[in-house]
Amino acid sequence: MYQWLDERLDLSRLNAKFLRKAFPVHHSFFLGEITLFAFVVLVLTGIFLTLNYEPSTRPVKIEGYNDPVPAAYASILYIDSLPFGAVLRSLHHWSAHIMIAAAFLHMLRIHLTGAYKKPRELNWLIGIVLLVLAIVTAFTGYALPFDNYALTATGIGYHIGEAAPWLGKAMSAILFAGELEASNTKTIPRLFSIHVLWLPLLLIAMIGAHLLLMVKQKHTQPKYAEKVAPGRILGVPAMPQQAVMMGVLFLVYVAVTTFIAGAFLAHPVEAFGPPTPNTPSVKPDWYFMWIYGILQILPQWDLKILGANFGPQFVGGILVPTLIIVGAMAIPFLEPQKEKQRYLELPSQHPRRTSFVLAMLMFYIMATLAGYKIDFLNANPNLSSGTLIAILWVLLIVAPILTYVISYILMKAAYRGREVELEFTGRASAADD
Ligand code: HEM
């Protein structure tokens with residue numbers, strides 16, 4: 001069979017060119033692969049959901065409800081009633097969280113080890129676009145169950161999008177096919193096509209480009225490779241060793257995440273019921289919570305320029321995230337290098353970069369904390385809103401600065417003038433900055 005195919009498709013050449021490529025084996029490289037596994041599971045469970053979901057808000061009469069409910073809502077009830085339906089829906093839900101978290105951690109590992117440097121700047125840029133696309137794809141799926149929770153959660157993002165100067169209303173009208181209201185029958189079909197077709201296609205194309213570029217440019221090598229096999233690629237061939245290892249890891253991944261999905265089911269739509277004019281109290285998911293937190297503590301103002309409003313929604317929801325994304329994109333270009341980066345750098349030996357990453361994580365944690373402002377006020381009736389907002393602002397600004405300073409001082413003190421003993425490598429050079 002192989003020979004038959006080989007004679008027609010020249011498989012041996014393909015095998016020699018691509019499948020014998022050496023893949024370095026290092027635990028931190030699995031983060032990219034976990035992101036990929038989560039995406040594959042999202043596509044597979046997404047196909048199951050699509051086969052049983054009705055992207056429409058036409059009213060349908062179903063058992064247990066006095067009034068007709070939207071067809072989309074009824075189809076989620078139907079999915080939950082199928083054998084393993086609720087678990088597969090839950091697996092889809094959790095895989096979205098895992099994909100975003102794994103892509104974020106993968107980005108941190110690339111940043112902390114300097115793997116973004118020449119020649120991988122382009123792949124860093126593609127990576128940032130992938131992370132943003134993954135988040136937007138998750139967002140477009142929020143409204144699809146069309147329960148009261150779904151519509152309210154989508155509304156938070158809808159109002160932020162609308163706040164983009166001049167273009168906001170037009171952009172929202174394209175994404176949501178008009179205003180986001182329970183009575184707008186066009187919104188669900190529009191979000192459905194974006195969520196199951198356009199964004200997944202874009203993700204597949206970008207992930208393909210990301211992986212091809214990685215194969216072309218060759219993976220960075222763990223630091224110990226410099227000593228063990230200088231100038232050579234240290235790793236296992238893509239076929240069959242790496243492929244078998246990936247296969248086993250994928251099965252382990254599916255087993256663990258299916259267990260999580262079954263143990264912590266995604267919320268049943270009955271818990272909130274079909275959309276009503278009363279909006280339930282809803283918090284955004286963890287990857288949006290920091291933006292929501294900033295919005296909670298920004299003062300309210302109105303600044304009109306050429307007919308556009310530059311209010312707090314714009315600053316907290318659009319300006320700050322855009323500046324962070326643009327700043328992240330600029331990272332590889334702030335450290336231009338002559339030589340190509342072949343080996344990973346050790347975070348402990350780059351105190352400035354590592355402390356910066358820790359400070360940004362602290363910023364994220366403090367902004368997320370601000371998202372709980374209302375809950376803090378409810379729990380402490382004696383605390384005034386003004387005082388709490390002032391405390392949250394101080395934390396948001398001071399905690400990241402302190403994190404940077406303390407971590408920099410500690411790392412400098414721990415590694416200054418000392419050669420560091422490393423696992424497998426014997427010795428490495430001292431801190432460089
Ligand atoms: C959908 C999201 C993503 C997927 C599926 C993905 C997948 C992968 C995989 C499988 C690898 C090889 C294994 C590894 O090094 O971990 C890789 C490498 C890489 N990724 Fe990603 N990635 C994603 C997002 C990102 C993000 C957000 C960034 C950074 C902003 C990024 C930057 C890179 C770079 C620079 C490499 C080469 C690393 C090296 O040579 O050491 N990727 N990616």
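Quick note: numbers below take in every heavy atom, side chains included, and nothing from hydrogens, waters or symmetry partners. Indexing begins at 1, ligand by ligand and atom by atom, following the structure's order.
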Cationic N near anionic O, under 4.0 Å, Arg353 to Glu345: yes
Structural part of His111 in contact with ligand 1, heavy atom criterion under 4.0 angstrom: neither
Close side-chain approach of Phe30 to Met246, heavy-atom, < 4.5 Å: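 They are in contact (side-chain heavy atoms under 4.5 Å apart), so the answer is yes.
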Contact check, side chains of Lys21 and Pro237, non-hydrogen atoms, under 4.5 Å: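 The answer is no, as the side chains (C-beta and beyond) never meet within the 4.5 Å cut-off.
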Proximal protein heteroatoms (N, O or S) of atom 21 (Fe) of ligand 1, under 2.8 Å: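 His106 NE2, His210 NE2, with waters left out.
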Geometric N/O contact Glu33 with ligand 1, under 3.5 angstrom: no
Give the atom numbers and elements of ligand 1 that come within less than 4.0 Å of a heavy atom of [X].
| X | answer |
| --- | --- |
| Leu211 | 8 (C), 9 (C), 10 (C) |
| Met99 | 1 (C) |
| Ile128 | 30 (C) |

Within-shell test, Tyr116 vs ligand 1, heavy atom, strictly < 4.0 Å: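 No; Tyr116 lies far enough from ligand 1 that no heavy-atom distance drops under 4.0 Å.
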Ligand 1 contact by Gln217, heavy-atom criterion under 4.0 angstrom: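 Gln217: no contact with ligand 1 (<4.0 Å).
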Derivation of the side-chain contact (heavy atoms from CB on, under 4.5 Å) call for Leu203 and Leu130: CA-CA 7 Å; Leu203 272 166; Leu130 275 173; 3.7 Å; yes
Step-by-step ring-ring contact (aromatic ring centres under 6.0 Å, His included) determination, Phe310 to Phe314: CA-CA 6 Å; Phe310 292 80; Phe314 163 71; 5.2 Å; yes
Ring centers of Tyr158, Phe176 separated by less than 6.0 Å: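 So the answer is yes for these two rings.
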Check: His195 ring centroid to Phe192 ring centroid under 6.0 Å: no
The single option from Lys118, His111, Glu121 passing side-chain contact (heavy atoms from CB on, under 4.5 Å) against Pro332: Glu121
Any donor-acceptor N or O pair under 3.5 Å, side chains Asn123, Tyr116: no
Check: Thr187/Asn184 side-chain N/O donor and acceptor closer than 3.5 Å: yes
Closest non-hydrogen protein atom to [atom], residue and atom name please, with distance?
| atom | result |
| --- | --- |
| atom 41 (O) of ligand 1 | Thr220 OG1, 2.3 Å |
| atom 37 (C) of ligand 1 | Arg120 CD, 4.0 Å |
| atom 16 (O) of ligand 1 | Phe29 O, 2.8 Å |

Lys169 backbone acceptor or donor facing Ser172 side chain under 3.5 Å: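 Side chain of Ser172 to backbone of Lys169: no pair is present.
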